Amino acid sequence: MNIHVPIVVVERAELSASQHELLEQAIGALGHAHAPYSRFRVAAAVRLADGQIVTGTNQENASYPIGICAERVALSAVNSIAPGARVLEMAVTYRPSNGTGHAPLAPCGMCRQALVEQHVRQNAALGLVLAAESGPVWLVESASDLLPLAFTPSDLD
Ligand code: THU
């Protein structure tokens, strides 16, 4: 078996207006992160099919394992305030404790699983726009591509 993960690397100037706005909204939300323990701020912004943008940030806790990643905060927010809404695209960015990052950040394994669940429940792929506050951008057409051989609801049948 040969597993291929398609990622397109672009410069920020090559983003569509919608992708650029989504990434800027994510960057703008970094200040909402609660990351006093890792000092690693992460923010996600999702574009819904109706054009609305919803953001989420990592929310840590003194009981470390309770902390939630930005991507899952954003998805939970969408599914709570706009149940049934379709997520078209998610931008993810971060700010490390030592300043501004340059390389894109890809969602952690748990968030990849949550993104697959979103794909399944909305029966449509969602794209990713991954970038630091400066530097290149990674575009992933379908977030599910980041989790080959994923465990999905059909495995429960
Ligand atoms: N984090 C995210 O919010 N998203 C990711 O995809 C990777 C990690 C958060 C979790 C924790 O609050 C901090 O970054 C350091 O791991």
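It should be emphasised that the depicted structure is a prediction, and the values quoted were computed from it without experimental measurement. Along the sequence shown, the residues carry numbers beginning at 1. Counting starts at 1 for both ligands and their atoms, following the listed order.
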- Distance-only polar pair, side chains of Glu133 and Thr93, donor-acceptor under 3.5 Å: no
- Query: Between Ser18 and Ser16, does any side-chain donor sit less than 3.5 Å from a side-chain acceptor?
  - Reply: no
- Query: For atom CZ of Arg39, is the number of surrounding heavy atoms from other residues, nucleotides or ligands below 6.0 Å larger than 12?
  - Reply: no
- Trp138 and Leu105, any side-chain heavy atoms less than 4.5 Å apart: no
- Using a strict cut-off of under 4.0 Å between a residue heavy atom and any atom of ligand 1, list the qualifying protein residues by chain and number. Ser38, Phe40, Val42, Asn58, Glu60, Cys69, Ala70, Glu71, Pro107, Cys108
- Query: Can you tell me how far the NE2 atom of His32 sits from the CG atom of Asn58, to the nearest 0.5 Å?
  - Reply: 12.5 Å
- Pairs meeting criterion salt bridge (charged side-chain N to carboxylate O under 4.0 Å, His left out) with involvement of residues 75-94, two or more places apart: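 Listed by first then second residue: nothing to list.
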